[in-house]
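Written below as structure tokens is the structure these notes are about.
Every chain is numbered from 1, with letters handed out A, B, ... down the list of sequences. These numbers come from a predicted model, not from an experiment.
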Protein chains: 2
Amino acid sequence: MNYSKQREIILKTLRENPIHPTADMLFALVRNELPNVSLATVYRNLNQLAEQGVIRKISALDDKVHFDHNLESHYHFICIKCKKVYDVPYDVAPDLAKALREHTGLEALAADVLFKGICNHCKH
Amino acid sequence: MNYSKQREIILKTLRENPIHPTADMLFALVRNELPNVSLATVYRNLNQLAEQGVIRKISALDDKVHFDHNLESHYHFICIKCKKVYDVPYDVAPDLAKALREHTGLEALAADVLFKGICNHCKH
DNA sequence: ATAAAATTGATAATGATTACTATTATTGAA
DNA sequence: TTCAATAATAGTAATCATTATCAATTTTAT
């Protein structure tokens, strides 16, 4: 993987944002710094970075894929009103893979948890 | 919601199948009984049934939306090789909403858990 | 029986994502 | 540094799951 300015700025932009942005949200942000960047470049690099394990993809809703720079084990809460995605600490549901193994014998490589509800901000 | 033969057979077909089929899988199955059924009718009815709470949509698998006739609380395991979706009993991770509330104060209306790994069948 | 409302099949449209391609940038060795 | 090989880019076309549209048909309530 060669260096590219675009990839550097896409990654930097993702890391600066706690909002779990989608590809098109990042496209808009990155264009502030690189006005000629292509949407295809954003998608290409996000997929490469996810494949390398530098970032994570989260399929939060039924529609767009969101990206997460936080590699630590954690879960997500999506607000069904504003669609914002919040981090949920791992401690809320630790050792799910172990529980799965003990109950079913299945070996999980990953365990994704997605809570859905209305966030505190939207309740008011 | 009026009665329709198509809806009846779509629902019956989903209930007869433990495979968490997608819309196009159901389309193929339903066409055995109703050769003139339209793909749009399958989508339309699955969405209606899900909206009524008669069936459930499961997303976040891989692009396509799968449908589940099992309304009891339970989770899913997807095999990353054969893409089959298996049910995982609720007991593997009970009371996630309560744990979320106690840790974060957030109120979850739903908690989806998706395990990813290689199923026993694909291991051989 | 009949009119209003719901549903259908066929197909066009949508929207997120990926593929393609000619051009440009990066790299490592001579 | 120069240069050829490789990788990445911008722009755009293509893909593919899903939705929307609409005239025709079916269901339902009166």
Can A:Asn17 and A:His69 be counted as having a side-chain donor-acceptor contact under 3.5 angstrom? no
Once you round it to whole Å, what is the distance between C1' of D:dA17 and CG of B:Leu26? 15 Å
For A:Arg7 and C:dT24, give me the distance from atom CZ to atom C1', rounded to whole Å. 15 Å
Let's see if you can work this out: which of D:dT9, C:dA19, C:dT27 has an atom nearest to the side-chain heavy atoms of A:Gln6? D:dT9
Nearest to the side chain of A:Met1, which nucleotide is it out of D:dA8, D:dA17, D:dG11? D:dA8
Among D:dT9, D:dT18, C:dT7, the nucleotide that comes nearest once only the side chain of B:Gln48 is considered: C:dT7
Apply the side-chain contact (heavy atoms from CB on, under 4.5 Å) test between B:Ile55 and each candidate in B:Ile10, B:Asp68, B:Leu14; give the one that qualifies. B:Leu14
Remember a base hit wins even if backbone is also touched, and classify B:Thr41 as base, sugar-phosphate or nothing at under 4.0 Å, heavy atoms. base
Closest to the A:Ala40 side chain: C:dT27, D:dT12, C:dG9? D:dT12
Minimum heavy-atom separation for A:Ile80 to A:Lys116, with atom names? CG2-CB, 4.2 Å
For B:Lys5 and B:Thr22, take the nucleotide of DNA chain D holding the closest heavy atom to each; which residue's nucleotide lies nearer the 5' end? B:Thr22
Minimum-distance nucleotide to A:Ala23 side chain [options: D:dA8, C:dT17, D:dA10]: C:dT17
Counting heavy atoms from C-beta on, name the nucleotide in C:dT17, C:dT7, C:dT26 closest to the side chain of A:Tyr43. C:dT17
Among C:dT18, D:dT28, C:dG9, which nucleotide has an atom closest to any side-chain atom of B:Ser38? C:dG9
Nearest-Å distance, CG (A:Asn2) to P (D:dA7)? 7 Å
Can you establish whether the number of heavy atoms outside B:Lys84 located under 6.0 Å from its atom NZ is more than 12? no
Of A:Leu39 and A:Arg44, the one whose closest nucleotide on DNA chain C sits nearer the 5' end is A:Leu39
Provide the closest heavy-atom pair for B:Val92 versus A:Ala99 in the form atom of the first, atom of the second, distance. O-CB, 3.4 Å
Nearest whole Å is fine: how far is D:dT15 C1' from B:Lys64 NZ? 13 Å
When the distance from CG of A:Leu34 to C1' of D:dG11 is rounded to whole Å, what number comes out? 16 Å
Value in whole Å for how far the P atom of C:dT18 lies from CG of A:Asp24: 13 Å
In this structure, how many angstroms lie between the P atom of D:dT12 and the CZ atom of A:Phe27, rounded? 12 Å
If you check every side-chain atom of B:Asn45, which of D:dT9, C:dT8, C:dA10 has the closest atom? C:dT8
Report the nucleotide, chosen from C:dT18, D:dT27, C:dG9, that has the shortest atom-to-atom distance to any side-chain atom of A:Asn47. C:dT18
In whole angstroms, how far is the C1' atom of D:dT25 from the CG atom of B:Asn36? 13 Å
